[in-house]
Amino acid sequence: MRNFSALIDGLVFMPARNGKIRLLADFFATTPDPDRGWALAALTESLVFHEAKPAAIRQLVATRVDPELFALSYDYVGDLAETVALIWPERPERANSLPPSMTEVVETLRAARRGQVMGLVEGWLDTLDSSGRFALLKLITGSLRVGVSARLAKTALAEWGKVDLGDLEECWHGLTPPYADLFAWLEGKSDRPAAGKGAGFRPLMLSHPLEEEDMAGLDPADYVAEWKWDGIRVQLAARGGERRVYSRTGDDVSGAFPDIADHMTFDAVLDGELLVARDEGEIAPFNDLQQRLNRKTVTAAMLKEFPAWVRLYDILFDGEEDLRGLPFTERRARLERWHDAVRPRRMDLSPLVPFEGWETLKGLREGSRENSIEGLMLKRKDSVYVAGRPKGPWFKWKRGALTLDTVLMYAQRGHGKRSSYYSDFTFGVWRGEELVPVGKAYFGFTDAELVELDRWVRNRTTRRYGPVREVEPGLVLEVAFDSVHPSNRHKSGLAMRFPRVHRIRWDKPAAEADRLETLQAMVVG
DNA sequence: AGGTCGACGTC
DNA sequence: CTCGGAC
DNA sequence: GTCCGAGGACGTCGACCT
C-alpha cells in the first residue's frame with residue numbers, strides 16, 4: 001500500500017493538472033505489476049467491493065471510537081475516509097506487523113466471503129499509518145474524489161507510455177484489471193491489446209452545451225440539426241454473431257432490453273437514443289423509460305407496457321468497415337443507406353431538422369414543448385466521430401429553462417470542501433398561507449454567494465432537526481429547472497428536473513414569491 | 001411477506 | 001444531467 | 001478548452017427489519 005498511499009497523498013495536495021499527470025506517471029513507472037494495475041483500477045472506478053460501503057465503515061469505527069466524538073469530527077472534516085484515517089486509535093503492539101500490499105488487499109477482499117470483509121479492514125487499519133488508512137478506505141469505498149478522474153488517469157498513462165490517448169480509449173473497454181497486457185503495451189513489450197473484439201464498446205462522442213455567445217461565431221451552413229430526444233444514449237454493437245446494447249458509460253444493458261437485442265440481426269455498430277415507444281414511434285415520457293432501466297429481469301408485462309425503441313443517429317461500423325473517420329454527412333448517408341437495406345424492427349432514424357439560419361432554428365426549438373424532446377442537437381457537417389467531448393463539432397441546445405421565485409425553508413451542511421457551510425437548500429412556494437417544499441439545490445451560486453448564504457442561514461435559524469436547520473421565511477431564491485412533474489418526493493406533490501439556484505433575490509420580500517398554482521401550471525402532459 | 005433505506009446508474 | 005472554479 | 005467535484009430526481013435491487 002505504500003506507493004499507492006504516497007500517490008493518493010500527493011494527488012490530494014496537487015491542484016495542477018500537469019502535476020497530477022507527473023505523479024501518476026512516476027507511480028506507474030516505479031510500481032510493479034500487479035500493484036499498479038489495481039491502483040489504476042481504483043482510479044478509473046473499475047474496482048468495486050460490495051461489502052465495504054460507507055455505512056459498514058461507520059459501523060466499524062463506532063466499535064473503536066466514541067460515537068459522539070466521531071460525529072463531531074466527521075461534521076468538521078466532511079469526508080468519511082479522511083475522518084476515519086485521522087481518528088482511528090492506533091494500537092502500538094499491532095503496528096509492528098507488516099502493512100499489506102495493494103495486491104494483498106485487493107485479492108483478499110475479492111476472495112473474502114460476506115461478513116469477513118470488515119474484520120479484514122479492521123486488521124489492516126491497525127497496521128497502517130494515517131495516510132495508509134486514508135488510501136485503504138478510499139480504495140475500498142470506490143469513488144476516490146482525489147482530483148483524478150478516469151480520463152486523467154488514462155491521459156497520464158498515454159503520456160507516460162508515449163501512445164495516443166485515442167488508441168488507449170479505443171482498447172480500454174476490452175481490458176480487465178490488473179491490466180498486465182495494457183502495461184506490456186505501454187512499456188513497448190507487446191502490441192496494443194485488441195479493441196474489444198467483435199461487439200466491444202467504442203467510446204462515445206459527446207456534445208457541449210451551446211451558449212448564445214458561441215452562435216455568433218458559427219456559420220449555419222456548416223451544421224445540420226436534429227431533435228434532442230429525451231431518452232438514454234445507447235450504442236448497439238452487433239458483430240460476429242454477438243449482440244450488445246451499451247449505455248453511455250459502456251455498461252452492457254442488453255439483458256434489460258431483449259426487445260432491442262433480439263432485433264439486432266445485422267452486422268454494424270450504431271449510435272442512438274433508447275426510448276419507450278408505443279404504436280410504432282409514439283414516444284413516451286422519460287419516466288416510462290426509467291421503469292425499464294437497471295432491471296435484472298424483464299417480465300412480458302413490462303415489455304408490453306413499456307416497449308423499447310431506438311432512434312438511430314450515427315453509424316460507427318458497417319460490417320468490418322470503420323466509418324468513424326468519415327465526415328458526419330457521409331456517415332449520415334451511410335446510415336440512411338444501411339437503414340434502407342436492413343430495415344431493423346423497433347428502430348428508426350432520427351430525422352434531420354431543416355432550417356435556414358439560426359433565427360428559424362431558435363423558433364423551432366422554443367416551439368417544441370413535447371415531452372420527448374429536450375431541444376436540438378447541432379452537428380458540424382465535417383465532424384469525424386471521436387471519443388470524448390471536443391468543443392465545436394457537436395452542440396446540444398436545450399430549450400430555455402423554466403424559473404420560479406421560491407422561499408428558502410431548510411438548509412443542511414455540505415460535504416468535502418463544503419463541509420463547513422450550509423450549502424444544501426430546500427425551498428418552497430406558497431400554498432395558501434403556508435410554504436410547501438418543492439425541491440432542493442446547492443449549485444448555481446458562486447463561492448462568495450455561498451459564504452453569504454451560509455451566514456444568512458446561521459443568523460435566521462428558527463429550529464434545528466439534527467443536521468438540518470429551519471430558517472425564517474425571508475429569503476427568495478429564483479430557481480431554474482428544465483421541467484416539472486408529479487412526484488411523491490416533496491410535500492407539494494411536484495418535483496423539478498435539474499433544479500439549480502439561478503439568482504438570489506436579496507431584495508425581494510418572501511410574500512411576493514410564487515405560489516404552488518404557478519408551478520402546477522408548468523406541468524406538461 | 002411486506003416495508004424501509006442505502007447504493008447505484010440514468011438523466 | 002447542472003454549475004462554478006481552477007488550471 | 002478541459003477537467004473536476006459538489007449533488008439534484010428518479011427507478012431498480014438487495015440487505016435488513018418488523
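Side-chain atoms are counted along with the backbone in the values below, which use heavy atoms only and exclude waters and symmetry mates. Lettering follows sequence order; numbering is per chain, from 1.
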**Student:** Output the rounded distance in Å from CG (A/N488) to P (D/dC10).
**Tutor:**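 Answer to the nearest Å: 8 Å.
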**Student:** Charged N to carboxylate O below 4.0 Å: is that the case for A/E170 and A/R324?
**Tutor:**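 Salt bridge between A/E170 and A/R324, a charged N being under 4.0 Å from a carboxylate O: yes.
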**Student:** Pick the C1' atom in B/dC5 and in C/dG4, then give their distance to the nearest Å.
**Tutor:**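 Comparing C1' positions in B/dC5 and C/dG4 gives a spacing of 32 Å.
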**Student:** Atom CE of A/M496 and atom P of D/dC10: how far apart are they, to the nearest Å?
**Tutor:**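 Distance check: A/M496 CE to D/dC10 P gives 12 Å.
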**Student:** Measure the distance from CD1 on A/I232 to P on D/dT12 and round it to the nearest whole Å.
**Tutor:**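 Distance, rounded to whole Å: 14 Å.
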**Student:** Just by distance, do the side chain of A/Q235 and the backbone of A/R202 share a donor-acceptor pair under 3.5 Å?
**Tutor:**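 Judged by distance alone, yes, a pair lies under 3.5 Å.
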**Student:** For residues 495-504 of chain A, which side-chain donor-acceptor pairs fall under 3.5 Å, sequence neighbours excluded?
**Tutor:**
{"from": "A/R497", "atom 1": "NH2", "to": "A/D230", "atom 2": "OD1", "distance (Å)": "2.8"}
{"from": "A/R497", "atom 1": "NH2", "to": "A/D230", "atom 2": "OD2", "distance (Å)": "2.5"}
{"from": "A/R500", "atom 1": "NH1", "to": "A/D482", "atom 2": "OD1", "distance (Å)": "2.9"}
{"from": "A/R500", "atom 1": "NH1", "to": "A/F498", "atom 2": "O", "distance (Å)": "2.9"}
{"from": "A/R500", "atom 1": "NH2", "to": "A/D482", "atom 2": "OD1", "distance (Å)": "3.4"}
{"from": "A/H502", "atom 1": "ND1", "to": "A/E478", "atom 2": "OE2", "distance (Å)": "2.9"}
{"from": "A/R503", "atom 1": "NE", "to": "A/E478", "atom 2": "OE1", "distance (Å)": "3.1"}
{"from": "A/R503", "atom 1": "NH2", "to": "A/E478", "atom 2": "OE1", "distance (Å)": "2.7"}

**Student:** Once you round it to whole Å, what is the distance between P of B/dC11 and CD1 of A/I373?
**Tutor:**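 A/I373 atom CD1 is separated from B/dC11 atom P by 18 Å.
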**Student:** A/R489 near the nucleic acid: base, sugar-phosphate alone, or nothing, with a heavy-atom cut-off under 4.0 Å?
**Tutor:**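 It contacts base atoms.
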**Student:** With respect to the side chain of A/S487, which nucleotide from D/dT12, D/dA9, D/dC10 is positioned closest?
**Tutor:**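 Taking heavy atoms from C-beta onward, the closest nucleotide is D/dC10.
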**Student:** If I take atom CG in residue A/N18 and atom C1' in nucleotide D/dC3, what distance separates them, rounded to the nearest angstrom?
**Tutor:**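 These atoms are roughly 12 Å apart.
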**Student:** Check every atom of D/dG14, D/dT12, B/dT10 against the side chain of A/Q290 and return the nucleotide holding the closest atom.
**Tutor:**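 Nearest to the side chain of A/Q290 among the choices is B/dT10.
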**Student:** Of the nucleotides B/dC11, D/dT12, D/dC10, which has the atom closest to the A/Q291 side chain?
**Tutor:**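 The closest nucleotide is D/dT12.
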**Student:** Using a heavy-atom cut-off of under 4.0 Å over every strand shown, decide if A/G231 touches base, sugar-phosphate, or nothing.
**Tutor:**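 Contact class for A/G231: sugar-phosphate only.
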**Student:** Could you tell me whether A/D454 and A/R458 have a side-chain N and a carboxylate O separated by less than 4.0 Å?
**Tutor:**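 Looking at A/R458 together with A/D454, the answer is yes, because their closest N to O distance falls below 4.0 Å.
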**Student:** Which is more 5' along DNA chain C, the nucleotide nearest A/F445 or the one nearest A/K228? Just name the residue.
**Tutor:**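 On the 5' side of the pair lies A/K228.
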**Student:** Picking from D/dA9, D/dC3, D/dG14, which would you name as closest to the side chain of A/K296?
**Tutor:**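 Output: D/dG14.
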**Student:** Would you call A/K398-A/E374 a salt bridge at under 4.0 Å N-O?
**Tutor:**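 Yes, A/K398 and A/E374 are salt-bridged.
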**Student:** Categorize A/H502 for me: base, sugar-phosphate, or nothing, with a 4.0 angstrom heavy-atom threshold over every strand shown.
**Tutor:**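 Nothing, no heavy atom under 4.0 Å.
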**Student:** Is the shortest side-chain N/O distance from A/R248 to OP1 or OP2 of B/dC11 below 4.0 Å?
**Tutor:**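 Yes, because at least one side-chain N or O of A/R248 sits under 4.0 Å from OP1 or OP2 of B/dC11.
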**Student:** Rounded to whole Å, please give me the gap between CG in A/D214 and C1' in D/dG1.
**Tutor:**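 So the two atoms are 11 Å apart, to the nearest Å.
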**Student:** Within the structure shown, what part of the strands sits under 4.0 Å from A/A441 by heavy-atom distance: base, sugar-phosphate, or nothing?
**Tutor:**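 Nothing, no heavy atom under 4.0 Å.
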**Student:** According to a strict under-4.0 Å criterion, is A/R418 in side-chain N/O contact with OP1 or OP2 of D/dA6?
**Tutor:**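 Result: no.
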**Student:** By nearest atom, which of the nucleotides B/dT10, D/dT2, D/dC13 is closest to the A/D251 side chain?
**Tutor:**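 Given the options B/dT10, D/dT2, D/dC13, the side chain of A/D251 is closest to B/dT10.
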**Student:** Using only side-chain N and O atoms of A/T249, determine if any of them is under 4.0 Å from OP1 or OP2 of B/dT10.
**Tutor:**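 Yes, because at least one side-chain N or O of A/T249 sits under 4.0 Å from OP1 or OP2 of B/dT10.
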**Student:** With heavy atoms of chain A within less than 4.0 Å as the criterion, where does contact along DNA chain C begin and end?
**Tutor:**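 The contacted stretch runs from C/dC1 to C/dC7.
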**Student:** Roughly how many Å is it from CG in A/N287 to P in B/dT10, rounded to a whole number?
**Tutor:**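 Roughly 17 Å, once rounded to whole Å.
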**Student:** When A/V407 is tested against each of A/L435, A/V429, A/V471, A/L475 for side chain to side chain contact (heavy atoms under 4.5 Å, CB included), which residue passes?
**Tutor:**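 Result for side chain to side chain contact (heavy atoms under 4.5 Å, CB included) with A/V407: A/L435.
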**Student:** Looking for any heavy atom pair under 4.0 Å, which part of the strands does A/R233 touch: base, sugar-phosphate only, or nothing?
**Tutor:**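 Sugar-phosphate only.
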**Student:** Toward the 5' end of DNA chain C, which comes first, A/R17 or A/R500, by nearest nucleotide?
**Tutor:**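 Here A/R500 is the residue nearer the 5' end.
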**Student:** Between atom NZ in A/K154 and atom P in D/dT2, what is the gap in whole Å?
**Tutor:**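 To the nearest whole Å, that distance equals 16 Å.
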**Student:** Crowded around A/F328 CZ? As in, over 12 foreign heavy atoms under 6.0 Å?
**Tutor:**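 Counting other residues, nucleotides and ligands, CZ of A/F328 exceeds 12 neighbours.
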**Student:** Mind jotting down which residue pairs meet the salt bridge (charged side-chain N to carboxylate O under 4.0 Å, His left out) criterion with at least one end in residues 283-303 of chain A? Sequence neighbours excluded, please.
**Tutor:**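 Qualifying pairs: A/D259-A/R292, A/R278-A/D288.
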**Student:** Once you measure the plane-to-plane angle for A/Y385 and A/W394, does it fall in the parallel (<30°), tilted (30-60°) or perpendicular (>60°) bin?
**Tutor:**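 Taking A/W394 first and then A/Y385, their aromatic rings stand perpendicular (interplane angle over 60°).
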